[in-house]
Visitor: 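Okay, here's the structure, questions in a sec.
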Amino acid sequence: MRIFSYPLQFTDAVTTGGGGITGTVDGVNRAFGLPFTPSPTESLLLIWNDTFLGQGLGYTLAGKTVTIDAAYTPQTGDRLTAYCRHNGG
């Protein structure tokens, strides 16, 4: 069990296409920006269309930047959705 000494928030879903995740979904781009830094990083739940991607096995995370593995490069019309805990920043 983890105990946190600072207030955490759980984000509502943020998505590509005007919903908070930045980056072009065009079949080439694999780097996407989140509007927050997941805290802890393991709390990030990333969904590509209807598929859950695992950290280190579908994407990598560096601060607020998610880089999708080449095998899962989002194509035009695809949707990324993210949920996570964060401390507001």
Visitor: Output the distance between atom CG (Asn49) and atom CZ (Arg79), rounded to the nearest 0.5 Å.
Guide: 9.5 Å
Visitor: What pair of heavy atoms forms the shortest contact from Thr37 to Gly63, and how long is it?
Guide: CG2-O, 4.0 Å
Visitor: How long is the span from the CG atom in Leu46 to the CG atom in Leu61, to the nearest 0.5 Å?
Guide: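 Leu46 atom CG to Leu61 atom CG measures 9.5 Å (nearest 0.5 Å).
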Visitor: Which atoms form the tightest heavy-atom contact between Gly27 and Thr73, and what is the distance?
Guide: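 That closest heavy-atom pairing would be O-CG2, 3.4 Å.
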Visitor: Considering all heavy atoms of both residues, which atom of Leu34 and which atom of Ala82 are nearest to each other, and what is their separation?
Guide: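 Closest pair (atom of Leu34, atom of Ala82, distance): CD2-CB, 4.0 Å.
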Visitor: So if you build clusters from Ile, Leu, Val, Met, Phe, Trp, Tyr with side-chain heavy-atom gaps below 4.5 Å, do Phe52 and Leu57 land together?
Guide: no
Visitor: Can you check whether Thr67's main-chain N or O pairs, donor with acceptor, with Arg30's side chain at less than 3.5 Å?
Guide: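 Such a contact is absent between Arg30 side chain and Thr67 backbone.
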Visitor: Taking it one step at a time, do Thr22 and Phe32 satisfy side-chain contact (heavy atoms from CB on, under 4.5 Å)?
Guide: CA-CA 5 Å; Thr22 60; Phe32 297 89; 5.9 Å; no
Visitor: Going by side chain to side chain contact (heavy atoms under 4.5 Å, CB included), Val66 matches just one of Leu53, Ile21, Leu44, Thr60. Which one?
Guide: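 That would be Leu44; it is the only one of Leu53, Ile21, Leu44, Thr60 passing the side chain to side chain contact (heavy atoms under 4.5 Å, CB included) with Val66.
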Visitor: Please answer whether the main-chain N or O of Asn29 pairs with a side-chain N or O of Asp26 as donor and acceptor at a distance below 3.5 Å.
Guide: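 Side chain of Asp26 to backbone of Asn29, a donor-acceptor pair under 3.5 Å: yes, one is there.
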Visitor: Side chains of Leu45 and Cys84, heavy atoms from C-beta outward: is any pair under 4.5 Å?
Guide: no
Visitor: Side-chain contact test, heavy atoms from C-beta onward, threshold under 4.5 Å: evaluate it for Trp48 versus Asp78 and give yes or no.
Guide: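 Counting from C-beta outward, Trp48 and Asp78 do come under 4.5 Å.
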Visitor: Is Tyr83 close to Ser43 at the side-chain level, that is, under 4.5 Å between some pair of heavy atoms?
Guide: no
